[in-house]
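Data block below; observations after.
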Amino acid sequence: MPQTIEELTSRFRTPRFEAGPGGLIRAGISNPCADAAIYLHGAHVAEYRPAGQPPLLFMSDRSLFEAGKPIRGGVPVIFPWFGPHATDSGAPMHGLVRSMSWRMESAEQMPDGSSEIGLVVADTAETRRIWPHSFALRLTINVGAALKMSLEVENTSTQAFSFEAALHTYLQVGDVRQIAIVGLAGAEYLDRMDGMKRKTQSPEPIRITCETDRLYLNTTAAVTIDDPLLRRRITIEKVNSRSTVVWNPWIDKSKAMPDFGDEEWPQMVCIETVNAKENGVTLAAGASHTMTATIRSRLH
Ligand code: BG6
C-alpha cells in the first residue's frame with residue numbers, strides 16, 4: 001500500500017509532506033544549505049536550490065504528474081535498463097522504477113545542516129512479468145550545499161542478473177547554446193543521432209549546436225558546465241558510474257514530446273550519471289552495487 005501523508009507525517013518529524021500536482025505526495029525540504037522537493041513517485045528529486053542560488057534542476061512546465069507516468073525534469077531514476085529495452089519494443093522506455101511509487105524509509109537532519117532522505121522500492125508481480133528478477137533499490141538523497149544521490153541496487157533473487165541504471169539529471173541553464181561542457185575530452189561515445197556510431201570526443205569543450213544524444217563510455221570523470229548567462233559553474237561528480245549521457249532535444253524532438261514545452265529546450269541540458277551498454281553491471285545473488293552522483297554549483 002502506498003504511504004499516506006498522515007502516515008508519513010506521524011512517522012517522520014521532518015520533512016513536510018504535501019500533495020503536489022496530480023495528488024502525488026512530495027516531501028518539501030528546507031534547511032540552512034538548500035531547499036528541495038522530492039516525490040515518492042519515482043523517488044524523484046524535482047527541485048533543488050542551494051541557498052542564495054537559482055534552482056539547479058530543470059522541470060518542464062508540461063510535465064505530467066500521474067501514477068504510472070514519468071515526471072519530466074528533475075532527476076528520474078532509471079533501472080533496470082537505460083533507453084529503449086534491448087529486445088522488447090513493448091517494454092517501457094528507461095526501465096521500470098521512474099514511474100513506480102517508492103516508500104520513504106528514513107529522513108534525518110545531519111550534523112552539518114543537510115537533510116538525508118532514504119527511499120526504497122522492490123520488485124512486484126508487475127515488474128517480474130516484464131523483468132523476471134527480484135531486486136531492492138534504495139535511493140539516498142542528501143540535500144546539502146551539494147545534492148548527493150546514491151542508488152543502491154541489491155540482487156534479492158537466487159541468481160545473478162545484469163542491469164543498467166541512471167540518475168537522469170535535468171540541469172537548468174541560461175541558454176544551452178552558450179554553455180561549455182568540460183570533462184569528456186578523449187572519451188568514446190555512442191551517438192544516438194548517428195545510428196549509435198562509436199566516436200571519440202575531441203579535446204575542446206562540448207558545445208550544443210543541434211539535437212544531441214550521446215552515451216559516453218568508460219568514463220568516471222567529473223563533468224563541468226560553464227554557464228555564462230547564469231554566471232555559474234555546475235559540477236557533476238560520480239562514483240561507480242562508468243557511462244555519462246549528454247542530451248538536449250533541440251527543436252523537433254521538443255515538439256514531438258507531449259510532456260515538454262516546444263520552447264523549453266534552451267533552458268536545459270541533461271548530464272546523466274549512468275551505467276549502460278558495455279558498462280552495465282552484473283550482480284551476483286545477494287550482492288549490492290551503489291552508484292553516486294554529486295552535483296554542486298558555484299556562482300561566478
Ligand atoms: C535520454 C536518452 O537519457 O533520455 C534520450 O539518451 C531520450 O534518447 C531522453 O530521448 C528522454 O527519454 P524519455 O523516455 O524521458 O522521453
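Computation of the quantities below employed the complete heavy-atom set of this structure, encompassing side-chain atoms and omitting hydrogens, waters and symmetry-equivalent molecules. Read the numbers this way: they start at 1 and go in the same order the structure lists the ligands and their atoms.
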Of all the non-hydrogen atoms in the protein, which one sits nearest to atom 1 (C) of ligand 1, and at what distance?
His168 NE2, 3.5 Å
Look at atom 7 (C) of ligand 1 and say which protein heavy atom is nearest, naming residue and atom and giving the distance to 0.1 Å.
Met93 CE, 3.7 Å
Distance filter under 4.0 Å to Glu272 heavy atoms, resulting ligand 1 atoms:
1 (C), 3 (O)
Have a look at ligand 1 and work out which part of Arg98, if any, has a heavy atom under 4.0 Å from it: side chain, backbone, both or neither.
side chain
Contact between Phe82 and ligand 1, counting heavy atoms under 4.0 Å?
yes
Decide whether Val246 and Met257 are clustered together by the hydrophobic rule: side chain heavy atoms of Ile, Leu, Val, Met, Phe, Trp, Tyr closer than 4.5 Å, transitively.
yes
Name the orientation class of the two ring planes belonging to Trp265 and Trp250 (parallel below 30°, tilted from 30 to 60°, perpendicular beyond 60°).
tilted
Under the criterion salt bridge (charged side-chain N to carboxylate O under 4.0 Å, His left out), I'd like the reasoning laid out for Arg138 against Glu154: C-alpha separation, chi angles, the key distance, then a yes or no.
CA-CA 8 Å; Arg138 181 184 170 93; Glu154 184 186 351; over 6 Å; no
Checking salt bridge (charged side-chain N to carboxylate O under 4.0 Å, His left out) for the pair Asp35/Arg49: CA distance, chi angles, key distance, verdict?
CA-CA 5 Å; Asp35 298 321; Arg49 192 180 62 77; 2.5 Å; yes
At the 4.0 Å heavy-atom cut-off, does Lys253 count as touching ligand 1?
yes
Looking at atom 5 (C) of ligand 1, what's its closest protein heavy atom, distance included?
Asp213 OD2, 3.1 Å
Just need the protein heavy atom nearest to atom 16 (O) of ligand 1, so name the residue and atom and give the distance.
Arg72 NH2, 3.0 Å
Between the CD1 atom in Ile25 and the CZ atom in Phe17, the distance rounded to the nearest 0.5 Å is 9.0 Å
If you scan protein heavy atoms around atom 11 (C) of ligand 1, the nearest is Trp247 CH2, 3.6 Å
Report the relative orientation of the aromatic rings in Trp247 and His168; use parallel for angles under 30°, tilted for 30 to 60°, perpendicular for over 60°.
perpendicular
